[in-house]
> 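Sharing a structure, written as structure tokens. Questions coming.
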Amino acid sequence: QVQLVESGGGLVQPGGSLRLSCAASGGFFSLYVMGWYRQAPGKEREFVALITSGGRTNYADSVKGRFTISRDNAKNTVYLQMNSLKPDDTAVYYCNAETFYWGQGTQVFVSS
């Protein structure tokens, strides 16, 4: 059983930055494809970014050039560095492992 715990969300002004963290326990973290998804109020959950066990990354077009996903296998943690944040980035951000396991989410609110 894999457990994922996100942290790092909060309130930030447009143009600001946040770094989300997702700590994993149980399972074989270094082997997993890890991803970040988000769900804005009234909208469906959408893909944000993923990173493979080998470090290859993929991003949604809406965040390319602004967000960076990374992982630290020694700490069983995946990160999402978010820069140049926009109000449209406001959402609950969820960590995902192997498209199957989900964290509880962390709220990001971008507003002046």
Side-chain angles (χ1 to χ4, degrees):
Q1 184 73 12
V2 176
Q3 294 183 331
L4 305 173
V5 179
E6 301 97 334
S7 61
L11 172 63
V12 63
Q13 293 186 341
S17 299
L18 280 176
R19 188 176 82 154
L20 306 183
S21 300
C22 171
S25 60
F28 300 94
F29 176 82
S30 64
L31 302 180
Y32 294 155
V33 175
M34 300 297 298
W36 287 97
Y37 291 72
R38 67 186 181 186
Q39 188 167 16
K43 295 185 178 181
E44 293 187 354
R45 192 172 298 188
E46 64 176 6
F47 167 76
V48 175
L50 68 79
I51 185 167
T52 69
S53 59
R56 294 171 64 182
T57 59
N58 191 26
Y59 297 92
D61 288 343
S62 59
V63 307
K64 278 181 182 177
R66 300 188 299 121
F67 291 11
T68 302
I69 188 171
S70 61
R71 66 192 299 160
D72 185 337
N73 290 335
K75 296 182 178 180
N76 285 0
T77 301
V78 63
Y79 304 97
L80 185 68
Q81 178 66 45
M82 305 186 295
N83 299 328
S84 302
L85 282 161
K86 306 173 182 179
D88 284 350
D89 296 317
T90 294
V92 177
Y93 283 71
Y94 296 91
C95 179
N96 175 274
E98 291 291 293
T99 70
F100 183 77
Y101 299 102
W102 294 94
Q104 83 289 349
T106 185
Q107 174 74 56
V108 171
F109 193 69
V110 184
S111 175
S112 55

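Values below: every heavy atom of this structure, side chains too, minus hydrogens, waters and symmetry copies.
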> Write down the atom of Ser84, the atom of Ser17, and the distance for their closest heavy-atom approach.
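So the two residues come closest at N-OG, 4.4 Å.
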> Would you verify whether the NZ or CZ of Arg71 falls within 45 degrees of the ring axis of Phe29 while also being under 6.0 Å from that six-membered ring's centre?
yes
> Starting at CG of Asp72, measure out to OG of Ser30 and round the result to the nearest 0.5 Å.
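The OG atom of Ser30 is 11.5 Å from CG of Asp72, to the nearest 0.5 Å.
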> Hydrophobic cluster membership, with links at side-chain heavy-atom distances under 4.5 Å among I/L/V/M/F/W/Y: are Val92 and Val12 in one?
no
> Answer whether the closest heavy-atom distance between the side chains of Val78 and Ile69 falls below 4.5 Å.
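With C-beta onward as the side chain, the pair touches.
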> Once you round to the nearest 0.5 Å, how far does CH2 of Trp36 lie from CG of Asn96?
10.5 Å
> Can you give me the closest heavy-atom contact between Gly27 and Val2, atom names plus distance?
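That would be CA-CG2, 4.2 Å.
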> Starting at CZ of Phe47, measure out to OH of Tyr59 and round the result to the nearest 0.5 Å.
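Going from the CZ atom of Phe47 to the OH atom of Tyr59 covers 9.0 Å.
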> To the nearest 0.5 Å, how far apart are OG in Ser112 and CG in Leu11?
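If we round to the nearest 0.5 Å, Ser112:OG and Leu11:CG are 9.5 Å apart.
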> Quick one: CG on Leu18 to CG on Asn83, what's the gap to the nearest 0.5 Å?
9.5 Å
> Does any part of the side chain of Tyr94, heavy atoms only, come nearer than 4.5 Å to the side chain of Leu4, both counted from C-beta?
no
> Count I, L, V, M, F, W, Y as connected when their side-chain heavy atoms are under 4.5 Å apart, and connections chain through other members. Are Ile51 and Phe100 then in the same cluster?
yes
> Are the side chains of Val108 and Met82 in contact, using a 4.5 Å heavy-atom criterion?
yes
> Counting heavy atoms not belonging to Gln3, are there more than 12 under 6.0 Å from its CD?
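No - once you tally the heavy atoms of other residues, nucleotides and ligands closer than 6.0 Å, there are 12 at most.
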> Can the positive tip of Arg19 be found less than 6.0 Å from the middle of the six-membered ring of Tyr79, inside 45° of the ring normal?
yes
> For the pair Glu6 (side chain) and Gly105 (backbone), establish whether a donor and an acceptor sit closer than 3.5 Å, ignoring hydrogens and angles.
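It does hold such a pair.
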> Which of these passes side-chain contact (heavy atoms from CB on, under 4.5 Å) with Arg38: Thr90, Thr106, Leu80, Val63?
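Only one of Thr90, Thr106, Leu80, Val63 forms a side-chain contact (heavy atoms from CB on, under 4.5 Å) with Arg38, namely Val63.
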> Run the numbers on Asp61 and Lys64 for salt bridge (Lys or Arg N to Asp or Glu O under 4.0 Å), then give the verdict.
CA-CA 5 Å; Asp61 288 343; Lys64 278 181 182 177; 3.2 Å; yes
> Which atoms form the tightest heavy-atom contact between Val33 and Leu50, and what is the distance?
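Scanning both residues, the minimum pair turns out to be CG1-CD1, 4.2 Å.
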> For the residue pair Phe67 and Leu85, establish whether any side-chain heavy-atom pair is separated by less than 4.5 Å.
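Side chain of Phe67 against side chain of Leu85, heavy atoms only: contact under 4.5 Å found.
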> I'd like to check Trp102 versus Cys95 (side-chain heavy atoms, cut-off strictly below 4.5 Å). Are they in contact?
no
> Where is the tightest heavy-atom contact between Pro14 and Ser111, given as atom of each residue plus distance?
CD-C, 3.5 Å
> Quick check: is Tyr37 connected to Leu20 through a chain of hydrophobic side chains (ILVMFWY, heavy atoms under 4.5 Å apart)?
no
> How long is the straight-line distance from CD of Gln81 back to CZ of Arg66, given to the nearest 0.5 Å?
12.0 Å
> How close do Thr77 and Ser21 get, counting heavy atoms only, and between which atoms?
CG2-CB, 4.3 Å
